[in-house]
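Read the numbers this way: they start at 1 and go in the same order the structure lists the ligands and their atoms.
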Amino acid sequence: MHIHRSEKIWLGLGAATLVIFLGIIGAAAVSDGIAPASHVQTIDPTKVAQTPPFVDPGVHRLADGSYEADIVGHIFAFTPAKISVPVGAKVTFFATSPDVVHGFFIADTDVNMMLIPGWVSSATHVFAKPGTYLLMCNEYCGVGHHFMSGTIEVR
Ligand code: CUA
């Protein structure tokens with residue numbers, strides 16, 4: 001099969017661009033420490049209620065003054081559905097699902113994770129402004145998906 005010289009040049013440019021872009025993505029992922037929200041922390045989805053920290057879901061104050069919020073997303077609610085933290089608090093959320101894939105999105109923040117059975121997702125946020133923040137599931141998870149929400153009171 002004969003390939004025209006200019007076609008070979010364009011094929012070569014296309015292949016080189018692909019290699020360069022994949023290299024940039026790979027280098028950026030390594031240098032910036034980009035990882036999935038789970039940070040590769042696993043859990044047995046059939047034993048969520050018996051596995052720390054989900055034995056005692058809710059907000060816990062840590063020794064360094066920051067907070068940890070352990071929340072389970074299940075069909076079709078978050079447990080606990082309402083938490084409160086002081087204004088200015090640095091809160092690290094740990095969340096998982098015992099059943100299907102759910103979303104974990106806190107409106108007006110950059111916290112937006114998937115809750116995948118078998119994985120513990122985590123994200124940290126500093127609540128600088130007081131108010132009531134809506135926590136919602138933004139992954140379609142079944143007939144009750146639109147009921148799945150919670151609130152975070154920042155006082
Ligand atoms: Cu849970 Cu949608």
May I ask you to test the [X]-[Y] pair for a side-chain heavy-atom distance under 4.5 Å?
X    : Y    : value
F93  : I83  : yes
L135 : S149 : no
D70  : D56  : no

> Near atom 1 (Cu) of ligand 1, is there an N/O/S atom from H74 that is less than 2.8 Å away?
Replying inline: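 No - counting backbone and side chain alike, H74 has no N, O or S atom under 2.8 Å.
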>> Please tell me whether L134 and F105 are part of a single hydrophobic cluster in this structure, the criterion being side-chain heavy atoms less than 4.5 Å apart.
In response: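 Yes.
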>> If you round to 10 degrees, what value do you get for the angle at atom 1 (Cu) of ligand 1 between M148 atom SD and H102 atom ND1?
In response: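 Seen from atom 1 (Cu) of ligand 1, SD and ND1 are separated by roughly 90°.
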> How wide is the angle at atom 1 (Cu) of ligand 1 between SG of C137 and SG of C141, to the nearest 10°?
Replying inline: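 Approximately 110° at the metal, rounded to tens of degrees.
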> Can you name the N, O or S atom of H145 that is closest to atom 2 (Cu) of ligand 1?
Replying inline: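 When I compare the N, O and S atoms of H145, ND1 is nearest to atom 2 (Cu) of ligand 1.
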>> Suppose we only allow N, O or S atoms; which atom of E139 ends up nearest to atom 2 (Cu) of ligand 1?
In response: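 When I compare the N, O and S atoms of E139, O is nearest to atom 2 (Cu) of ligand 1.
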> Within a radius of less than 6.0 Å around CG of D32, do more than 12 heavy atoms belonging to other residues, nucleotides or ligands occur?
Replying inline: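 Check passes, neighbour count above 12.
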> Does the shortest distance from atom 2 (Cu) of ligand 1 to an N/O/S atom of H146 fall below 2.8 Å?
Replying inline: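 No, H146 does not qualify, because none of its backbone or side-chain N, O or S atoms lies under 2.8 Å.
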